[in-house]
Number of protein chains: 2
Amino acid sequence: MKCEHNKACKDKCPCMEYCPLGSALKMIGGKWKIPILCALQKDGTTRYNELKQKVRGITNTMLASSLRELEEDGLISRTQYQEMPLRVEYCLTEQCDDLMPILNQLAFWGVKMHETKS
Amino acid sequence: MKCEHNKACKDKCPCMEYCPLGSALKMIGGKWKIPILCALQKDGTTRYNELKQKVRGITNTMLASSLRELEEDGLISRTQYQEMPLRVEYCLTEQCDDLMPILNQLAFWGVKMHETKS
DNA sequence: CCGAATCCTATAAGATACTG
DNA sequence: CAGTATCTTATAGGATTCGG
């Protein structure tokens, strides 16, 4: 992802070829990525249909495409077992384990913002 | 913003009435919020037309609406001087100052992810 | 100078049906 | 069981024009 920020950003982060902050936000952006990651963090390795139940309201279309993108970006890993019926399991990667505490800080900041307003 | 995550999330963050992580990501989401915040962080107090030049490619429509949302969310503050011609200046709030280091961690994580892939 | 209003386009998300 | 294919709808973003 090439940097679409500005000169200011280039001085602060290595935006010459790509923008790491923009890329990171894109990886976890959209409506369902965070809910999926939260579910996987809480329960560990989980199979497709379990995820569909735990992430309330998600459709097959969105779950499948979100999982594919998360895997392509290296946030989750997919394991398929050649059984009948088919079994496919997903879990967080180590890189994603590093991400979760940062998201936790962001959530904590969100709490502070909410308290400030009220 | 009500929580659209899942039961798992409710155990980890106070998602009963609102979801802080979802709210936080929404505040900085979209195409232009981060570039604007980066510009304001680097150069401090900046007026509207300066921002339009520094944030390359942004239109009046998007700059105005982004600034309005950022102000409503308490991330930036707007000061209008009754001069002619009109002068309006924007700068980060203290709450946003707390946010920037977290975004910096996210950017650093993005760098690590990129290095892992290559 | 600093935007708002309107209209148009592009992308994200959802519904439904179907398959290996 | 674990998805894909297709179609439709909703939302984000952009272009243009105008006003205080």
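Lettering of chains follows the sequences in order, A, B, ..., and the numbering in each one begins at 1. For clarity, every value in this text was computed on a predicted model and none was experimentally measured. As a basis for the values below, the full set of heavy atoms in this structure was taken, side chains included, without hydrogen atoms, waters or symmetry mates.
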Novice: Using only atom types and a distance under 3.5 Å, with no angle test, would you say the side chain of B:T46 pairs donor to acceptor with the backbone of B:L51?
Specialist: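 Answer holds: no.
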
Novice: By nearest nucleotide on DNA chain D, pick out whichever of A:K52 and B:G30 is the more 5' one.
Specialist: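 Result of the comparison: A:K52.
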
Novice: Suppose we screen for side-chain hydrogen bond (donor to acceptor under 3.5 Å, both in side chains). Which residues come up paired with A:R47, at least two apart in sequence or across chains?
Specialist: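 side-chain hydrogen bond (donor to acceptor under 3.5 Å, both in side chains) check on A:R47 returns nothing, list empty.
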
Novice: With sequence neighbours excluded, tell me which residues meet salt bridge (Lys or Arg N to Asp or Glu O under 4.0 Å) with A:R78.
Specialist: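 Testing A:R78 for salt bridge (Lys or Arg N to Asp or Glu O under 4.0 Å), a comparison that skips the adjacent residues, returns none.
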
Novice: With sequence neighbours excluded, what pairs up with A:E94 under the salt bridge (Lys or Arg N to Asp or Glu O under 4.0 Å) test?
Specialist: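 Not a single residue meets the salt bridge (Lys or Arg N to Asp or Glu O under 4.0 Å) criterion with A:E94.
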
Novice: How many Å lie between CD on B:E89 and P on C:dC1, as a whole number?
Specialist: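 Result: 14 Å.
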
Novice: How would you give the extent of chain A contacts on DNA chain D, as first and last nucleotide 5' to 3' within a 4.0 Å heavy-atom cut-off?
Specialist: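 The contacted stretch runs from D:dC1 to D:dA5.
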
Novice: Whole angstrom is fine here: how far is it from CE in B:M62 over to P in C:dT11?
Specialist: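 Computing the B:M62:CE to C:dT11:P distance gives 14 Å.
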
Novice: Specify the separation, in whole Å, of atom NZ of B:K31 and atom P of C:dA12.
Specialist: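 After rounding, the reported distance stands at 11 Å.
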
Novice: Which residues in residues 67-81 of chain A have at least one heavy atom lying under 4.0 Å from any atom of DNA chain D?
Specialist: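 Of all residues in residues 67-81 of chain A, the ones placing a heavy atom under 4.0 Å from DNA chain D are A:R68, A:R78.
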
Novice: Does B:L67 offer a backbone N or O that forms a donor-acceptor pair with the side chain of B:W32 under 3.5 Å?
Specialist: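 Not a single qualifying donor-acceptor pair exists.
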
Novice: Could you note down all residue pairs passing salt bridge (charged side-chain N to carboxylate O under 4.0 Å, His left out) where residues 62-75 of chain A supplies at least one of them, sequence neighbours left out?
Specialist: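 Counting only pairs at least two positions apart or across chains, the salt bridge (charged side-chain N to carboxylate O under 4.0 Å, His left out) contacts touching residues 62-75 of chain A are A:K33-A:E69, A:D73-B:K117.
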
Novice: Could you walk me through whether B:Q105 and A:Q105 pass the side chain to side chain contact (heavy atoms under 4.5 Å, CB included) check?
Specialist: CA-CA 10 Å; B:Q105 292 184 53; A:Q105 291 183 54; 3.0 Å; yes

Novice: Please enumerate all residues that pass salt bridge (Lys or Arg N to Asp or Glu O under 4.0 Å) together with B:D97, with sequence neighbours excluded.
Specialist: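 Listed in chain order: nothing, the list is empty.
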
Novice: By side-chain hydrogen bond (donor to acceptor under 3.5 Å, both in side chains), which residues pair with A:D98, not counting sequence neighbours?
Specialist: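 None.
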
Novice: What residues, two or more places apart in sequence or in another chain, satisfy side-chain hydrogen bond (donor to acceptor under 3.5 Å, both in side chains) together with B:N49?
Specialist: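 For B:N49 there are no side-chain hydrogen bond (donor to acceptor under 3.5 Å, both in side chains) partners, ignoring immediate neighbours.
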
Novice: Over the length of the helix from C:dC1-D:dG20 to C:dG20-D:dC1, how much do the five-pair end axes diverge, rounded to 10 degrees?
Specialist: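 One end axis against the other gives 50°.
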
Novice: Identify all pairs in which a protein N or O lies below 3.5 Å from an N or O of nucleotides 15-20 of chain C, and state each distance.
Specialist:
from	atom 1	to	atom 2	distance (Å)
C:dA15	N6	A:T61	OG1	3.0
C:dT16	O4	A:T61	OG1	3.4

Novice: For A:I36 and C:dA13, what is the distance between atoms CD1 and C1' respectively, to the nearest whole Å?
Specialist: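 Rounding to the nearest Å, CD1 of A:I36 and C1' of C:dA13 are 13 Å apart.
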
Novice: At their closest point, which heavy atom of B:L21 faces which heavy atom of A:L103, and how far apart are they?
Specialist: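 Reported closest heavy-atom pair: CD1-O, 3.6 Å.
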
Novice: Is A:F108 reachable from B:M27 through a run of I, L, V, M, F, W or Y residues, each pair having side-chain heavy atoms under 4.5 Å apart?
Specialist: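 In one cluster: no.
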
Novice: Nearest whole angstrom, please: distance from the P of C:dC1 to the CD of B:E83.
Specialist: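 Distance, rounded to whole Å: 13 Å.
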
Novice: Got a sec, which residues hit side-chain hydrogen bond (donor to acceptor under 3.5 Å, both in side chains) with A:Q82, two or more places apart in sequence or on another chain?
Specialist: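 Here no residue qualifies.
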
